[in-house]
Amino acid sequence: MKIAVAATLLATASAFSVNPQQIAKGAVAGAAAAVIASAPALAADVGAGESVFNANCAACHAGGQNVIMPEKTLEKEALESYLAGGRNEKAVITQVTNGKNAMPAFGGRLSDEDIANVAAFVIKSSDDGWE
């Protein structure tokens, strides 16, 4: 019985010709797919940013306002005027990470992902008009 199974497997395997170049191409494609699948997403999550904002930022910045320095809101025009680097996610990330003046640094408290998500939320909310 074992000989019959072995013969069947050998016959089946020899029926398929395998080109070494095809194996190499398949290996490269598989490796590329693994890298792409394991790479972190580049786009920030605005919904998650809203949750982080509400838990960490809203005490001073509810509705895009600023209870400490009222003229430095999170409104579009104010961010363009006061935010070092202009109104963009990178500048918000820098501000949130390092703090400035009365604003504390959140770099040691929040993950880089949370900070990126907050930045995306702030920019989107400033575009949409804070509610």
Min side-chain heavy-atom separation Val118-Asp114 under 4.5 Å: no
**Study point:** Side chain to side chain, Lys72 and Asn101, heavy atoms closer than 4.5 Å
**Key:** yes
Mind checking the [atom1]-[atom2] spacing from [X] to [Y]? Nearest 0.5 Å is all I need.
{"X": "Ile115", "Y": "Leu110", "atom1": "CD1", "atom2": "CG", "result": "5.0 Å"}
{"X": "Met103", "Y": "Cys57", "atom1": "CE", "atom2": "SG", "result": "6.5 Å"}
{"X": "Lys90", "Y": "Ile93", "atom1": "NZ", "atom2": "CD1", "result": "9.0 Å"}
{"X": "Ser51", "Y": "Asn56", "atom1": "OG", "atom2": "CG", "result": "10.5 Å"}

| What's the verdict on side chain to side chain contact (heavy atoms under 4.5 Å, CB included) for Leu74 and Gln65, showing C-alpha distance, side-chain angles and the deciding distance? | CA-CA 6 Å; Leu74 301 180; Gln65 299 305 302; over 6 Å; no
* To do: Classify the angle between the aromatic ring planes of Trp130 and Phe121 as parallel (below 30°), tilted (30 to 60°) or perpendicular (above 60°).
  => perpendicular
task = Group every Ile, Leu, Val, Met, Phe, Trp and Tyr by side-chain heavy-atom contacts under 4.5 Å, then state whether Phe106 and Tyr82 land in the same group.
result = no
Which heavy-atom pair separates [X] from [Y] by the least distance, and what is that distance?
{"X": "Pro70", "Y": "Thr73", "answer": "O-CG2, 3.2 Å"}
{"X": "Ala91", "Y": "Gly85", "answer": "CB-C, 4.1 Å"}
{"X": "Val46", "Y": "Ala120", "answer": "CG2-CB, 4.0 Å"}

Between Asp45 and Asn117 (side chain of the first, backbone of the second, donor and acceptor by atom type, cut-off under 3.5 Å), is there such a pair? no
In Asn98, Thr97, Val96, the residue satisfying side chain to side chain contact (heavy atoms under 4.5 Å, CB included) with Thr94 is Asn98
Side chain to side chain donor-acceptor pair (under 3.5 Å) test vs Ser126 passes for just one of Glu77, Glu75, Arg87, namely Arg87
Is it true that, when you exclude Asn88 itself, more than 12 heavy atoms of the residues, nucleotides or ligands shown sit nearer than 6.0 Å to its CG? yes
